[in-house]
A.B. asks: 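Would you mind keeping the following structure in view while I ask a few things?
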Amino acid sequence: MDPAAAGGAGGGPNDAVDLLYTTKLLLSASKLRDCDIVSKTDPMAVVSIKKRDGTLEELGRTEVIMNNLDPLWIQKINIMYQFETLQTLIFHVYDVDTKYHNIPVKDLKLNDQDFLGEGSCVLSEIVTKRNRSLTLDLHNRNDHVLKNLGQLTVLAEETVTSRTAVEMTLRCTNLENKDLFSKSDPFLRISRFVETGGSVPICKTEVVDNNLNPIWRPACLTMQQFVNKDSPLVIEYFDFNNSGNHVLIGKLQKTVADLENLHKSRVGANFTSPPYGFRGNEKVLKGQLFVEGYAEKQLYSFLDYISSGFELSFMVAVDFTASNGNPHSPDSLHYIDPSGRLNAYQRAIMEVGDVIQFYDSDKCFPAWGFGARAYGGTVSHCFNLAGSPGAVEVEGVTGIMAAYASALQNFTLSGPTLFGHVVNKAAEIAVESLKYNKRKYFVHLIITDGVITDMLETKDALVRVSDLPLSVLIVGVGNADFTLMEILDADNGHRLESFTGRVATRDIVQFVPMREVHSGQISVVETLLEELPGQFLTYMRCRDIIPHNISAPQTSSPGPSCGLSRKKSFRDRQNLKMIAVENECLLGRLKFDSILLQN
């Protein structure tokens, strides 16, 4: 994010990079079919992933194990876990003929081998298990009658580059003033050197306006970014300009170990000026950098929480206002096509629900409608889709779909479009859950065809619930102008603010107009869910909630604590090529962010 997006008077949220990790799949099988006459089967497994168009892309192959019906393969298969994507894996097991044993497995023609069986699952099914292990029954290809051809067990191992992170609170004194009618607006950029020469930005602070002695919100660096504590870093300070032509004023070079020592000794380090003149001279400036706070901590990943029993609980609210059109008309956004083609509401429910359901153990989901009246009744802005006042939950995604179709028959579309009631209802459930279960995080999907008429009330509600284990996903369907709805999403660099001036403690809203997504290559579910693991991690880390049965070694010295979480944005961030991850935390009434950039 460019400082223009992150800075300004208020100093908007900065972004930070979370742990990047791949998943390694370990495979074993039991009771395989014996295809050999004088010996046992020589099995090999092939792992593929189903692409969006239905075709398979091979991820890797195991080695061949000789004469074994219960193989335990050593070769691991790598796959990058993506929460926001439904990653369907297909496993094929083959008996490799003896005459091919001297050929590398990657060069084997699968059509020449004896097929032993196949199985499939979604990667989320594996990683949500307590032991990250799932056993599948093997069966024939395209065989609806599943014949028992043995079993395949898949174990997922998460590979994290490093869990270690350093959090620093940085401040400066006596910075040089470059503005005529006011003081400079400084921000820091931290870069590390690369082997090929030059440097790569890894962290950028927010802009502090009109201040020559600024103190910035805590910045977090993972070891993945700074490599080790003795790797040199370049710290530069700039004067921010709205034009984007920021002025480099000074720089210095320090390692993380040096910065730790600055904190311990309570002394500052002087900046030097950029090279100037024919000889490229540099001069020592009066401005100094101080490390006000320093802490080393362990960061746990989203999968650490999920595999230790934390859950995502799904809930849905559907817009039943009259602007959707008569449900009996093919032009209506609520039209149920007899051919089975899904309308926009059904697509959103299915696409999001199919991903989230694996993270909810009981798969019972609260489902509401708003903006309709029961026949002969008054308008309700939060009613149970199932119809009965006591039936808040429905069973599974198919249950939501059935309740939605039934509600269209039992309610008359009305209005206006109000979100406040359903947001408050979701908050009630989250508050109640905290009394007995702190391992649940709620995901509230709201699907609407228009701009809300209770914007102030909705903003107030969202700010209030930003302290709860809750994220709100909003999908806009139809052709309405959703520009005003972007206010609810903090992607513009400014956190949501209530009518009374209270600022949300973290970003909990993601808004996506479905027409923009479906006109491109990325699916609505990927766009909608890409920020959710980051929002989950921000909540857990800021409250020092760690995964169960995982120790948390930590050394620290005075300074505020900081959450770090991944946030990818599908929007172009001021034409900078980077991966952004939101960093937000609340300690008492302290609110802060940090930016970490990836080239």
Side-chain angles (χ1 to χ4, degrees), residues 83-84 124 128 306 310-320 345-372 380-407 411 417-448 452 458 461-462 464-477 488 507-512 524-525 528-529 531-533 535-536 539:
F83 165 79
E84 66 270 19
S124 301
T128 53
I306 295 302
F310 286 74
E311 295 188 5
L312 301 180
S313 292
F314 187 43
M315 49 182 70
V316 179
V318 177
D319 184 340
F320 276 73
Y345 285 92
Q346 292 172 312
R347 286 203 311 271
I349 292 170
M350 285 290 291
E351 290 186 20
V352 178
D354 280 349
V355 172
I356 298 291
Q357 64 176 334
F358 296 109
Y359 301 86
D360 192 320
S361 60
D362 65 6
K363 293 180 173 54
C364 291
F365 310 131
W368 306 290
F370 59 92
S380 173
H381 298 294
C382 184
F383 58 88
N384 295 334
L385 277 188
S388 170
V392 177
E393 294 184 333
V394 296
E395 188 172 343
V397 177
T398 55
I400 300 175
M401 297 288 277
Y404 164 69
S406 175
F411 289 85
T417 306
L418 306 179
F419 278 9
H421 295 74
V422 292
V423 170
N424 288 331
K425 190 67 176 179
E428 289 176 12
I429 293 177
V431 169
E432 187 64 27
S433 175
L434 283 174
K435 297 177 181 178
Y436 60 89
N437 186 355
K438 290 183 172 59
R439 293 186 297 170
K440 279 196 173 187
Y441 189 91
F442 294 87
V443 181
H444 185 22
L445 173 65
I446 303 176
I447 317 170
T448 183
I452 55 178
T458 297
L462 292 172
R464 283 197 306 272
V465 304
S466 63
D467 283 323
L468 296 175
L470 174 69
S471 285
V472 179
L473 311 176
I474 305 172
V475 175
V477 299
L488 302 179
D507 175 19
I508 66 167
V509 179
Q510 175 74 333
F511 170 73
V512 176
V524 64
V525 67
L528 198 63
L529 295 179
E531 297 182 6
L532 187 56
Q535 293 175 357
F536 172 94
Y539 177 84

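Reckoned from all heavy atoms, side chains included, excluding hydrogens, waters and symmetry mates.
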A.B. asks: Check for a donor-acceptor pair, side chain of Asn424 on one end and backbone N or O of Gly420 on the other, with a separation under 3.5 Å.
C.D. replies: yes
A.B. asks: In Å, rounded to the nearest 0.5 Å, how long is the span from OH of Tyr441 to CG of Leu470?
C.D. replies: 6.5 Å
A.B. asks: Does anything in residues 396-406 form a side chain to side chain donor-acceptor pair (under 3.5 Å)? List the pairs, not counting sequence neighbours.
C.D. replies: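 Checked against side chain to side chain donor-acceptor pair (under 3.5 Å) - neighbours excluded - the pairs reaching residues 396-406 are His334-Tyr404, Asn343-Tyr404, Ser406-Asn410.
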A.B. asks: For residues Val423 and Ile446, determine if any side-chain heavy atom of one lies less than 4.5 Å from a side-chain heavy atom of the other.
C.D. replies: yes
A.B. asks: Asp360: what forms a side-chain contact (heavy atoms from CB on, under 4.5 Å) with it, not counting sequence neighbours?
C.D. replies: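 Listed in chain order: Glu311, Ser313, Asp362, Phe365.
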A.B. asks: Just how far is it from atom CD1 of Ile508 to atom CG of Leu532, taken to the nearest 0.5 Å?
C.D. replies: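 So the gap between those two atoms works out to 11.5 Å.
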A.B. asks: Check step by step if side-chain contact (heavy atoms from CB on, under 4.5 Å) holds for Leu528 and Glu351.
C.D. replies: CA-CA 10 Å; Leu528 198 63; Glu351 290 186 20; over 6 Å; no
A.B. asks: What pairs meet the salt bridge (Lys or Arg N to Asp or Glu O under 4.0 Å) rule with one or both residues in residues 436-446, with sequence neighbours excluded?
C.D. replies: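 Found none.
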A.B. asks: Go through the structure and list residues passing side-chain contact (heavy atoms from CB on, under 4.5 Å) with Thr417, not counting sequence neighbours.
C.D. replies: Asp319, Thr321, Phe370, Phe419, Thr448, Ile452
A.B. asks: How close do Gly476 and Phe511 get, heavy atom to heavy atom, and via which atoms?
C.D. replies: N-CE1, 3.9 Å
A.B. asks: When rounded to the nearest 0.5 angstrom, what distance separates CZ in Phe442 from CG in Leu312?
C.D. replies: 10.5 Å
A.B. asks: Going by the ring pair (Phe, Tyr, Trp, His ring centres under 6.0 Å) test, name the single residue among Phe83, Phe310, Phe314 that passes it with Tyr359.
C.D. replies: Phe83
A.B. asks: Rounded to the nearest 0.5 Å, how far does CE of Met315 lie from CD1 of Ile400?
C.D. replies: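 With rounding to 0.5 Å, CD1 (Ile400) is 10.5 Å from CE (Met315).
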A.B. asks: Which heavy atom of Val394 sits nearest a heavy atom of Gly399, and at what distance?
C.D. replies: CG2-C, 3.7 Å
A.B. asks: So, does Lys363 use its side chain to make a donor-acceptor pair with the main chain of Gly396 at under 3.5 Å?
C.D. replies: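 No, Lys363 side chain to Gly396 backbone: no donor-acceptor pair under 3.5 Å.
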A.B. asks: Search all heavy atoms of Phe411 against all heavy atoms of Ala372 and return the closest pair with its distance.
C.D. replies: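 Heavy atoms only, the tightest pair is CB-CB, 4.0 Å.
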A.B. asks: Output, in order, the C-alpha distance, side-chain angles, deciding distance and verdict of side-chain contact (heavy atoms from CB on, under 4.5 Å) for Val352 and Val443.
C.D. replies: CA-CA 10 Å; Val352 178; Val443 181; 5.6 Å; no
A.B. asks: Please name all residues satisfying salt bridge (charged side-chain N to carboxylate O under 4.0 Å, His left out) with Lys425, sequence neighbours left out, ordered by chain then number.
C.D. replies: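 Residues passing salt bridge (charged side-chain N to carboxylate O under 4.0 Å, His left out) with Lys425: Glu428.
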A.B. asks: What's the shortest heavy-atom distance between Ala348 and Leu445, and which atoms?
C.D. replies: O-CD2, 4.0 Å
A.B. asks: Quick one: CG on Leu488 to CD1 on Ile474, what's the gap to the nearest 0.5 Å?
C.D. replies: 5.0 Å
A.B. asks: Stepwise, does the side-chain contact (heavy atoms from CB on, under 4.5 Å) test hold for Trp368 with Asn384?
C.D. replies: CA-CA 5 Å; Trp368 306 290; Asn384 295 334; 3.4 Å; yes
A.B. asks: With side chains defined as the heavy atoms from C-beta onward, is the minimum distance between Val477 and Arg347 less than 4.5 Å?
C.D. replies: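 Of all side-chain heavy-atom pairs linking Arg347 with Val477, none is under 4.5 Å.
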A.B. asks: Parallel, tilted or perpendicular: which one describes the rings of His421 and His381, with boundaries at 30° and 60°?
C.D. replies: tilted
A.B. asks: I'd like to check the side-chain contact (heavy atoms from CB on, under 4.5 Å) partners of Val355; sequence neighbours left out, ordered by chain and number.
C.D. replies: Leu86, Val525, Leu529
